[in-house]
Amino acid sequence: MSDEKPYVSLKAFLSKPNFEYDDLEAFLSSGTYQSHELSGSENLSGRLYVKSQEEKQPTWTPFINTGIVGSLELSNRSSSAVLLIEVNDRVVAYTFGYGRFMLEQDRFLPDFGIRTALNTLRHDSLKSVDIFTVDRSAVQKRTQAVRSSSVDVFGIDVSRDILRAVTGNAKEGISFQSISGGDYVYSFGAYIEFDDLIETSQSLITYYTQESYKEQFSWVDNIRRLKNDAKKSELDEVLRGTIDAKNATNLAITAPEVVSWDNISGFSFTRSKGTVYPTLIIEDYLNSLGDESITLSTLKNHKLFIYDLDSNESQHSLYKSLYFEYTDESKTFILFSGDWFEIDTDFVVELDRALALIPISDLEFPTVHNWTCEDKEKIESEGDYNERTAILKSYHLLDKKLIKSRNTTSAIELCDLMTDDKQLIHVKHKKGGSSGLSHLFAQGYVAAEVTISDKEFRKKARVKLRSIRSDLDSLIPLNGISSSDYEVVYLVLGDDNSTVKSALPFFSKINLVKAFENLTQKGFKVTICGVAKERIEPPASAD
C-alpha cells in the first residue's frame, strides 16, 4: 500500500451532533483566514482555511543583545491551516501546524479523541498515557513505556485518575497507524490520497460511536463526562458564584493540556493581558477580575494566554483551564478541561462501604475555638490548637518539629501530637478543603511508614522526644519497633464525630480510604476523629 498511496499524519476533530450552521466558518474562531475550495471528487464537500504567517522575534533575543557586540535580528514563522470536511451531517476538522487554535472548540466533541483512540487501539500496545490525577493537588501526568505495554504497566489509580490521552497501535482490521487520542483530537497516520478523506471521515465517526473500549477500559467510566445539559448549567452557576466570591478552596487553574514547561515564558488573562505572570495560579486570575460581579457568559469568553520562549502566543479558554470540585447532596462533580464529570454511583457506593470500616478514635479532644473580631470570623489556628490540646490532655507536642529522612523529599513531622499510648495524632482544619485534608491523610501515611522503615529517622525522632522529656524516647525504640504498637489518628477540626467522615470532600474520602488500607496492611491501627467549633469571647491577642 505504501507504494500506491502517500503516508500522511493527520489530526482530526468531530463536530457535535445537530449543530446548525450557515457557513463552515462557524467552526472557526474569530480571525482573518484565506479560504480555498477543494478540487477532486465532487462528493468531497468542504473547504480549507489558512491563517497568514506571522513573523515574531524570540523572547530571548533582547537579553542576548545586551551582552554581545552588534545585535541579533531573528524571527520565527508559524503556519496554521484547517481542512473542514462535511460528511454524514457532521463536520470533521483536520488541522495542520497551529491549526487547532483556529477552531471554535465549543463546536466539537470534547471526548472524540480519547474515546475513538480507546476503540481503535490494542489495549496491550500502549506506548504512552496522559492522566489527570485528582488529589490534594490536581496533577497532570504523561508516562511513556520503552515498549508497547498493557495499561497496568503505567500505574494508573482507577479511583482518582482520569485518562486524558493514549498512544498505541491499531487493532487488527483497522488500517490506521500510530494512533494517539486525547480529549478533542484524534491523531493517526494512514496511507491515503486526498479523495479518501470521505471514507476516512466516515470511519472516524463510526469508531467514535462504538463501545468496544468497555472490554478493556471500563474503569474510565468511574469518572465520566456529564451529559445532562440542565445539570451542567446548574453547576456552571455554582462555579460562577464561587469565582464571584473569590473562593479558591476547591478551585484551581491549570494548563488545559500537558505542556513543555521549559519552553513557557509566562501567562496572562483577558482582564490583565498586559501583565505576564511567571507562574499559573488561580489567585492571579481572581485578582484580575476586580470587584465587578462576573457573568457566566463573561467567564466563558475569558482567555488564558500562554507565551513560549519564541514569543508565540497560544490562547485557551479560561473556562477549560479551570478545575473545580463540587458535591451536591449525594453526588460529586468535577470540572476539568471545560467538561463536567460525574462520579459513577456504584463507585461511590463502594467508597462509602470502605469508609464505614474506618473506626472513630476513642480519644477525646477539646473543641476548636472561633470568635468575631472587627466583623470578621476568626478561628483558632492549628498551631494554637495543638499547643492548647497538649497542655489540656498532657499530650506531647511535636508540631513543627521537622525530621529529615532519606526516604522523603523533604523534612516531615513524626506527628502533631503523641500520647503515652503511642497514638500518633495528625491535625488539620476542615476549612482547608479537599487539598488540605488529602495532605493530612498522605502526611499520616508517610510519617508512619518512614517511622517503621528508616532507622535514622527513628534516631532523630528520639532526639525530638527527649527534648520534651528525657524518658520519652522509649515511645520510639531504635530497634525492634512494631507497627502494631501504634495508632495513627487523623483529627479534623470543624466537624464532630457524627459527620467527620460523611462531610469529607469526595476525593479526600478516596485518600483517607487509601491511607487506611495501606497502613492497616502494614499493621498499624488507624482511626479518625472530629471536633466541633465553639464560639468564645475574642482572646486578648485578637484585640
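These numbers come from the heavy atoms of this one structure, side chains and all, not from hydrogens, waters or symmetry mates.
Remark: aromatic rings of H316 and F101 are close, center separation under 6.0 Å.
Side chains of L398 and L465 form a contact here, defined as non-hydrogen atoms less than 4.5 Å apart.
A side chain to side chain donor-acceptor pair (under 3.5 Å) check over residues 286-295, counting only residues at least two apart or in different chains, returns the pairs D244-S293, T295-T298.
Scanning both residues, Y277 and S272, for their nearest heavy atoms gives OH-OG, 3.5 Å. The minimum heavy-atom distance linking A448 with L519 is given by the pair CB-CD2, 3.7 Å. Smallest separation of non-hydrogen atoms from L512 and Y490: CD1-CD1, 3.9 Å. Minimum heavy-atom separation, D495 to V500: CB-CA, 4.0 Å. Taking each heavy atom of W371 and I536 in turn, the nearest pair found is CB-O, 3.4 Å.
Residue T527 forms a side chain to side chain contact (heavy atoms under 4.5 Å, CB included) with just one option from L491, V489, L363, and that option is V489. Test R406, K459, K460 against D454 for side chain to side chain contact (heavy atoms under 4.5 Å, CB included) and you get one pass: R406.
There is no side-chain donor-acceptor pair under 3.5 Å between E325 and T332. Side-chain N/O atoms of D496 and S498 include a donor and acceptor closer than 3.5 Å. Judged purely by distance below 3.5 Å, without hydrogens or angles, the side chains of Y285 and H302 pair a donor atom with an acceptor atom. Between the side chains of N511 and H439, not a single donor N or O lies within less than 3.5 Å of an accepting N or O. Side-chain contact check for Q144 and S128: no donor-acceptor pair (N or O, by modelled atom type) lies under 3.5 Å. Looking only at atom types and distance, the side chain of N479 has a donor-acceptor partner in the side chain of K455 under 3.5 Å away.
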- Can V488 and K525 be said to form a side chain to side chain contact (heavy atoms under 4.5 Å, CB included), step by step? CA-CA 6 Å; V488 177; K525 181 180 179 182; over 6 Å; no
- Task: Any chance you could lay out the side-chain hydrogen bond (donor to acceptor under 3.5 Å, both in side chains) test for D384 and S381, step after step, and finish with the verdict?
- Result: CA-CA 5 Å; D384 289 345; S381 70; 3.3 Å; yes
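With salt bridges taken as basic N to acidic carboxylate O contacts below 4.0 Å, one links E380 and R388.
Residues that satisfy the salt bridge (Lys or Arg N to Asp or Glu O under 4.0 Å) test with D236, not counting sequence neighbours, are K300.
Residue I510 holds its CD1 atom at 5.5 Å from CG of L351, rounded to the nearest 0.5 Å.
The local environment of NZ in K246 is crowded, with over 12 non-hydrogen atoms from other residues, nucleotides or ligands closer than 6.0 Å.
Between Y486 and F524, the angle of the ring planes lies from 30° to 60°, which puts this pair in the tilted group. Using a 30° and 60° split on the angle between ring planes, Y208 and F112 fall in the tilted class, from 30° to 60°. Ring-plane geometry between W340 and F324 is classed as perpendicular, the angle between the planes exceeding 60 degrees on a 0 to 90 degree scale with a lower cut at 30.
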